[in-house]
Amino acid sequence: MRETDSAIADALVDAARELSAKVERLDFAAPVSHRYNPLDYAWAPHELYLRRYGANRKKVVFIGMNPGPFGMVQCGVPFGEIAAVRDWMGIDAKVDRPALENPKRPIEGFACTRSEVSGRRLWALFQQRFGTAEALFAEHFVANYCPLAFFEHSRNLTPDKLPADEAAPLYAACDAHLRQLVAILKPHWVIGIGGFAEARAALALSGMNVSLGKVLHPSPASPAANRGWAEAATRQLTALGIW
């Protein structure tokens, strides 16, 4: 790794540690029964991801909403479909348990056998297009806007469902981190994966020299995504002139 690349990776790691510390101090009331911070208990694989695949300037940074219950929540990597992270990216590291574990959503780490459908779709498209993880990450990077996952017992709660007084300090921390991420990686494009991420990026990155766009979210809750997400996302990225 070149010295400049090492400096980029160090900056990403420092920014992630800072974000994790900020969000750890926040409180969330009912209906949130549990909140998970994989930047804490799944730090080892997350740091590996940043150092292996974030250590160079990028053309495109994709931004998701927040960790999924069977993806980043389990393995610390955004959209972290276990098979893609372990077998395609070559990342496998120890995952601890959060201080307050949700019995309805236990942390199994890389032993998790449930599929993160959004991640499966995302990484399958990238694998099909680029072949190797190294080829993808030469110019692309994938991050999440918010590092926390929220649960109402067994039900996943997305950040947009939080009350305004709880969302405001969370969004402030996430906005600051996204600005840091863009300052470090200097991408030409930031692409929101879904409308929420696109809207947050537009607010956070206002005034910065970066172009913004959006692709359809690959969630199985989206009828449009279920009709052919990879084809739709490819059309959108081609229309933007990125692919």
Side-chain angles (χ1 to χ4, degrees), residues 1-13 15-16 38 42 44-65 67-68 71-72 74-93 110 115-145 178 181-194 197-198 201 210-219 225 228-243:
M1 185 182 289
R2 297 190 300 270
E3 184 180 353
T4 52
D5 292 343
S6 178
I8 292 169
D10 287 346
L12 285 182
V13 168
H46 185 74
E47 183 177 4
L48 268 179
Y49 174 70
L50 296 180
R51 292 195 180 280
R52 184 172 299 177
Y53 295 119
N56 61 291
R57 309 292 186 208
K58 304 295 183 182
K59 176 185 173 184
V60 185
V61 171
F62 291 95
I63 300 293
M65 179 185 271
M72 187 173 180
Q74 301 293 339
C75 69
V77 173
F79 288 88
E81 169 77 355
I82 297 295
V85 174
R86 183 188 58 226
D87 305 331
W88 192 59
M89 298 181 210
I91 292 174
D92 192 349
F110 283 84
S115 178
E116 183 72 21
V117 176
S118 294
R120 188 174 75 223
R121 289 172 171 173
L122 182 80
W123 299 115
L125 170 60
F126 291 155
Q127 187 171 2
Q128 180 183 27
R129 186 172 183 89
F130 293 95
T132 66
E134 288 73 17
L136 165 69
F137 289 107
E139 291 191 328
H140 300 70
F141 192 68
V142 179
N144 268 328
Y145 171 74
L178 182 53
L181 189 74
V182 168
I184 294 164
L185 296 179
K186 302 189 186 313
H188 302 308
W189 286 92
V190 169
I191 302 297
I193 301 176
E198 179 198 30
V210 64
S211 298
L212 301 176
K214 179 182 75 170
V215 294
L216 179 69
H217 198 285
S219 169
W229 178 81
E231 295 78 9
T234 299
R235 284 195 300 271
Q236 290 174 303
L237 292 167
T238 302
L240 289 168
I242 295 172
W243 283 4

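Everything numeric in this text was worked out from a predicted model, so none of it was measured.
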How many angstroms lie between [atom1] in [X] and [atom2] in [Y], if you round to the nearest 0.5 Å?
X	Y	atom1	atom2	result
Arg57	His188	CZ	NE2	11.5 Å
Ile82	Ile91	CD1	CD1	11.0 Å
Gln74	Glu116	CD	CD	9.0 Å
Ile193	Arg121	CD1	CZ	13.5 Å
Arg120	Gln127	CZ	CD	13.0 Å
Leu50	Ile184	CG	CD1	9.5 Å

side-chain contact (heavy atoms from CB on, under 4.5 Å) partner of Val190, the single match among Leu185, Ile63, Leu181
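Exactly one option meets the side-chain contact (heavy atoms from CB on, under 4.5 Å) with Val190, and it is Ile63.
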
Pro38 and side-chain contact (heavy atoms from CB on, under 4.5 Å): which partner among Pro45, Pro67, Pro78, Cys75?
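Going through Pro45, Pro67, Pro78, Cys75 one by one, the side-chain contact (heavy atoms from CB on, under 4.5 Å) with Pro38 is satisfied by Pro67 alone.
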
Residue pair Tyr49, Val85: steps toward the side chain to side chain contact (heavy atoms under 4.5 Å, CB included) verdict
CA-CA 9 Å; Tyr49 174 70; Val85 174; over 6 Å; no

Heavy-atom side-chain contact between [X] and [Y] under 4.5 Å:
X	Y	answer
Met72	Val77	no
Val61	His140	no
Leu212	Glu198	no
Pro187	Val182	yes

Does [X] use its side chain to pair, donor to acceptor, with the backbone of [Y] at less than 3.5 Å?
X	Y	answer
Lys59	Ala138	no
Arg52	Gly90	yes
Trp229	Ser118	no
Gln236	Leu216	yes
His46	Gly76	yes

Could you check whether the rings of Trp88 and Phe137 sit parallel, tilted or perpendicular, using 30° and 60° as the cut-offs?
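Correct class here is tilted.
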
Using ring-ring contact (aromatic ring centres under 6.0 Å, His included) as the criterion, list what pairs up with Phe62, not counting sequence neighbours.
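Result, ring-ring contact (aromatic ring centres under 6.0 Å, His included) vs Phe62: Phe126.
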
May I have the step-by-step check of side chain to side chain contact (heavy atoms under 4.5 Å, CB included) for Asn144 and Phe79, ending in yes or no?
CA-CA 8 Å; Asn144 268 328; Phe79 288 88; 3.9 Å; yes

Taking the six-membered ring for Trp and the full ring for Phe, Tyr or His, determine whether the centres of Trp243 and Phe130 are under 6.0 Å apart.
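Yes; Phe130 has its ring centre under 6.0 Å from that of Trp243.
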
Identify the two heavy atoms, one from Ile191 and one from Val60, that lie closest to each other, and give their separation to 0.1 Å.
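In terms of heavy atoms, the two residues are closest at CG1-CG1, 3.8 Å.
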
Evaluate Leu136 against Trp123 for side chain to side chain contact (heavy atoms under 4.5 Å, CB included), listing each step before the verdict.
CA-CA 10 Å; Leu136 165 69; Trp123 299 115; 3.7 Å; yes

